[in-house]
Amino acid sequence: MTTTTEAPASQPIADMEADSLIGTFPEGQRLVGSQCNTCGCTMIGSRVVCSSCISRDVSRVALPSTGVLYSFTRIHVGTAGIRPLGYVDLDNGVRTLADIREGDVPLRPDMRVELGIDDDDWFFTPAAGEKRED
Amino acid sequence: MSENVFVISAAMIPFGKHRTSSYVGLAVSPLIDAIRDAGIEKSDVDAVYVGHSYGGMMTGQRICKEIGLGTVPTVNVDNACSSGATAIHEAWQAISQGLIDIAVVIGVEKLTQFGGGTLPLSPEDREVKQGIIMPAVYAMRATRYLHETDATPEDLALVSVKARKHGALNPFAQFRKETTVEEVLNARRVADPLTLPMCCPTGDGAAVVVLASERARKRLDSKPGIRVAASVLHSGHVAEGFRDMIKPEISYDSARDAYAMAGVGPKDLDMIELHDAFSIAELIYYEAFGLAEPGHGVDLIRDGKTTFGGDVVVNPSGGLLSKGHPVGASGVAQVAEAFWQLTDQAGARQIDKARWAMTHVTGGGTAGLDHGACTIHIFEAA
């Protein structure tokens, strides 16, 4: 009688369960990130595999609430009216796409921005202390 | 030892809104024309490669059955806007490795099926869920380019003006009327700073090329053809953090590899068909291809270096901005333009003594990637 081994079944990842990027942490409501406990790579969203080293040892972490606006646009097409959207480089280096709420300070690349939460909506807005450049 | 591969015929329909045509209806005529122009019988075809993104199951087989072209392998390829060029790359690989002699490549797309608006992107994608659309991606590139260089919205408009000027000469182009900087700047805004004429129109299209080995070409009595000097396909690489949106690594790297494979450089090129889905893209790709130093692509459009009579004619067809961008068809249509230009069949838009051509098409809006795919081909008159 020969001994056989059975190949283990790979399992699907339930990545459709968490669809909100906002979570509650000790420091308050923050963007949800994931940090790899093997190589330290930090990523946006709830992830179960590290995109850098493919480790599955990944922890849920709060992302910084402040960062720098890399670029932005105002979308005029579609049904949402004029929608400002931008890429924000958070203070730990993670980039996220975000709705941008404009205040009195005109948007410009490289300005400091901070997270805002309004009911279920989250967005970034020019950080306190950002001044008009004109 | 890889074998030389040649494009021996090309055909396409005028791009536009062909609402009464299906994928089959769009593609069958250029398929027949390309086979006939190549001087082959359908029984000579060893394989069919079909680029499309939204055609659904068995698009290639649905097209080919209409002319009784079956039995041989038919491969359907989806790489978003790079689908058609990826299909050519696959055909080139098979022929250059000596596996087959003659391949038909079809690029086809019917975007009027969506009733207008921006391209549907995968709803599984994180940034798509947040509301990203392709015009916004390029608009953010433009915002950053204007921030880091001395380029202005007028420069973005100049790209569209050039595209329309070229498109006016091309019977295959969707837009055949010239425009002005003022008209472009005053047009409806899509995503700041991009206005409507700075964005390629959607539409329907189909283009077909026939590729052949040197052995097959000789057997066919050396019909006019162009040699594939380089065929490069890259995929995007994820960045969880900073990515320089005005130095897209996927196009820089693909161009570097294509030049190395072809043994030529940017100064050797007589024409380029590049992926001008939005006007800002053209300025960035001038830099990616080594036509200008980073930050100075804008000088080329201002100085008229990339139109007829300049250093290199970029998008003599009118590019995606004038010709339209039925995504799966665009990469094949670019190669059709290179074929016609290098075989002196480009009519009113013929570039004098064109010998070297490059085509470039990227594909896909995916969170974390610059682009999903990039395909570059370099061709030599032969």
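First the proteins, then the strands, lettered A, B, ... as listed; each starts at 1. Treat the numbers as computed from the prediction; the structure is a model and nothing was measured.
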Would you sort out whether B/R144 and A/D110 count as a side chain to side chain contact (heavy atoms under 4.5 Å, CB included), showing the intermediate values? CA-CA 10 Å; B/R144 193 72 202 184; A/D110 294 339; 2.8 Å; yes

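The two atoms that bring A/V77 and B/T118 nearest to each other are CG2-CG2, 4.3 Å, heavy atoms only.
Remark: B/H147 NE2 is packed, more than 12 non-hydrogen atoms of other residues, nucleotides or ligands lying under 6.0 Å away. The 12-atom threshold is exceeded at CG of A/D118, counting heavy atoms of other residues, nucleotides or ligands nearer than 6.0 Å. A/R56 CZ: 12 or fewer foreign heavy atoms inside a 6.0 Å radius.
Of residues 21-35 of chain A, those residues lying under 4.5 Å from chain B by any heavy-atom pair are A/L21. Contact residues of residues 120-140 of chain B toward chain A are B/R126, B/E127, B/Q130, B/G131, B/I132, B/I133, B/A136, B/A139, B/M140 (heavy-atom distance under 4.5 Å). For residues 289-301 of chain B, a heavy-atom distance under 4.5 Å to chain A picks out no residue at all. Residues of residues 85-93 of chain A lying within less than 4.5 angstrom of chain B, judged on heavy atoms, are A/L85, A/G86, A/Y87, A/D89, A/G93 in numerical order.
Of the inter-residue distances, the one linking A/T96 atom OG1 with B/E240 atom CD reads 11.0 Å to the nearest 0.5 angstrom.
A/T42 touches chain B through its backbone: at least one of N, CA, C or O sits under 4.5 Å from a heavy atom, while the side chain does not. Both the backbone and the side chain of B/V190 come within contact range of chain A, with heavy atoms under 4.5 Å apart. Both the backbone and the side chain of B/R243 have a heavy atom closer than 4.5 Å to some heavy atom of chain A.
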